[in-house]
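The analysis underlying the following values was restricted to heavy atoms, covering all of them including side chains, and did not include hydrogens, waters or symmetry mates.
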Amino acid sequence: LCPMQCRLNNVSVNDVPKFLVKNPTANDHLVIIPSDDDVMSFLHIPLKLQGVTSYFPVRAATLAEYENDHVLKFHFTAEAPDWDPGSSSFASQEDSMLLVSIVSLMPLMTSTLVLT
């Protein structure tokens with residue numbers, strides 16, 4: 001499961017272990033998934049560590065569970081657009097935000113910065 005793909009679907013992936021957070025809270029080292037049915041309903045899934053990898057134990061739903069309308073369903077990823085992890089659009093978006101960060105810091109800088 002790719003954290004970026006989850007984040008693009010409004011799922012919060014707080015994957016920094018609590019022991020590495022300066023002031024840990026209940027929202028650290030967990031996944032927060034909004035419900036599709038109720039905007040105020042969220043599922044909080046605490047993460048565990050195996051070595052340096054954050055994870056949570058899962059199993060596949062049974063067909064009966066999947067088809068049961070009374071079972072809450074949460075979606076980690078979006079059905080559209082198609083997921084393309086090799087897309088250059090992610091790098092372009094990140095580069096544009098980096099440029100915004102640099103420009104906002106310029107008044108604080110004492111040396112000249114030349115962007116080409």
Output for pair (His75 NE2, Asn10 CG), nearest 0.5 Å, gives 13.5 Å
Side-chain contact, heavy-atom cut-off 4.5 Å: Phe56 with Val58?
-> yes
Rounding to 0.5 Å, atoms CD (Glu94) and OG (Ser89) come to a distance of 12.0 Å
Compare all side-chain heavy atoms of Cys2 with those of Trp83 and state whether any distance is below 4.5 angstrom. yes
On a heavy-atom basis, the closest approach of Pro57 and Lys48 is CD-CD, 4.3 Å
With side chain to side chain contact (heavy atoms under 4.5 Å, CB included) as the criterion, how do His29 and Ser54 come out once you've worked through the C-alpha distance, each side chain's angles and the decisive distance to 0.1 Å?
CA-CA 8 Å; His29 208 223; Ser54 294; 2.8 Å; yes
Worksheet item: Hey, is Arg7 close enough to Asp15 for a salt bridge, meaning N to O under 4.0 Å?
Response: yes
- request: State yes or no: do Val13 and Val16 share one hydrophobic cluster built from I, L, V, M, F, W and Y residues joined by side-chain heavy-atom distances below 4.5 Å, directly or via other members?
  value: no
To the nearest 0.5 Å, atom OG1 of Thr25 lies from atom CG of Asn14 at 8.0 Å
Verify side chain to side chain contact (heavy atoms under 4.5 Å, CB included) between Ile33 and Phe76, making sure each step is shown before the conclusion.
CA-CA 7 Å; Ile33 308 167; Phe76 284 81; 3.2 Å; yes
Open item on the list: So does Cys6 get a backbone contact from the side chain of Asn9, meaning a donor-acceptor N/O pair under 3.5 Å?
Closed with: no
ask   = Any side-chain heavy-atom pair from Ile32 and Leu43 closer than 4.5 angstrom?
value = no
Exercise. Take atom CG of Asp84 as the centre, draw a 6.0 Å sphere, and report whether it contains more than 12 heavy atoms from other residues, nucleotides or ligands.
Key: yes
query: Got a donor-acceptor contact below 3.5 angstrom from the Asp28 side chain to the Lys18 backbone?
result: no
Output for pair (Ser92 OG, Met97 CE), nearest 0.5 Å, gives 13.5 Å
Note: Ala61 and Glu65 closest approach over all heavy atoms is CA-OE1, 3.4 Å
If you apply the rule side chain to side chain contact (heavy atoms under 4.5 Å, CB included), what do you find for Val11 with Val31, and how did you get there? CA-CA 7 Å; Val11 172; Val31 177; 3.6 Å; yes
- Query: Within a strict 4.5 Å, meaning less than it, do heavy atoms of the Leu8 and Phe90 side chains meet?
  - Reply: yes
ask   = Is Val21 linked to Phe19 within one hydrophobic cluster, defined over Ile, Leu, Val, Met, Phe, Trp and Tyr using a side-chain heavy-atom separation of less than 4.5 Å?
value = yes
